[in-house]
Amino acid sequence: QVQLVESGGGSVQDGGSLRLSCTTSGSWYTYDRMGWFRQVPGKEREGVAVIYTQSRATVYADFVKGRATISQDRAKNTTFLQMNNLKPEDTAMYYCAGGVGFIRTSILLPLEYIDWGQGTQVTVSS
């Protein structure tokens, strides 16, 4: 089984920055796309950012545009999410995921991904 492991979460103050990492046990071309999602208790998991493996094209949720950058290091099979100017509402468990095949609905929906990591906690305090 392909393993996805997140790291880089932590506690920061309003306006701070974090760089999340997601390392996979497979090759960089295992998935057509890699995504970052977040979830808080009582709410549905929501997409944050996505990067297409081959083209490196990216897609961002409106709430992080201008504050987040998703990228990949193919040699290390790692996908990064750099987040700046973090706000308390960004507090959540952040997950990385891999997707393959055609998009059924929206690229930022969890149902488009087949493999998931266990998550890394991000806490932003004011």
Given 3.5 Å as the limit, does a donor-acceptor pair link the side chain of [X] with the main chain of [Y], or not?
| X | Y | value |
| --- | --- | --- |
| S21 | G8 | no |
| D73 | T78 | no |
| Y113 | I107 | yes |
| R33 | E112 | yes |

Do the side chains of [X] and [Y] join up, straight or via other hydrophobic residues, at under 4.5 Å, putting them in one cluster?
| X | Y | result |
| --- | --- | --- |
| W36 | I103 | no |
| V48 | M34 | yes |
| W116 | V122 | no |
| V59 | F63 | no |

Query - Salt bridge present between D90 and K87 (N-O < 4.0 angstrom) - result: no
Does a side-chain heavy-atom distance below 4.5 Å link [X] with [Y]?
| X | Y | value |
| --- | --- | --- |
| L20 | M83 | yes |
| E46 | R38 | yes |
| E6 | Y94 | no |
| Y60 | I70 | yes |
| P88 | D14 | yes |

Query raised in the report: What pair of heavy atoms forms the shortest contact from L81 to A68, and how long is it?
Result: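 Taking L81 first and A68 second, the nearest heavy atoms are CD1-CB, 4.2 Å.
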Query - Positive for side chain to side chain contact (heavy atoms under 4.5 Å, CB included) with D115, one of V2, T30, V100 - result: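 Testing each of V2, T30, V100 against D115, the sole residue satisfying side chain to side chain contact (heavy atoms under 4.5 Å, CB included) is V2.
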Distance, nearest 0.5 Å, that separates [atom1] of [X] from [atom2] of [Y]:
| X | Y | atom1 | atom2 | result |
| --- | --- | --- | --- | --- |
| K76 | R74 | NZ | CZ | 15.5 Å |
| C22 | L4 | SG | CG | 4.5 Å |
| I51 | R56 | CD1 | CZ | 7.0 Å |

Report task. Sequence neighbours left out, what passes side chain to side chain donor-acceptor pair (under 3.5 Å) with Q82? Give chain and number order. Result -> N84
Requested in this report: Verify whether one side chain among T123 and T91 offers a donor that lies under 3.5 Å from an acceptor in the other.
Outcome: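 There is no such pair between these side chains.
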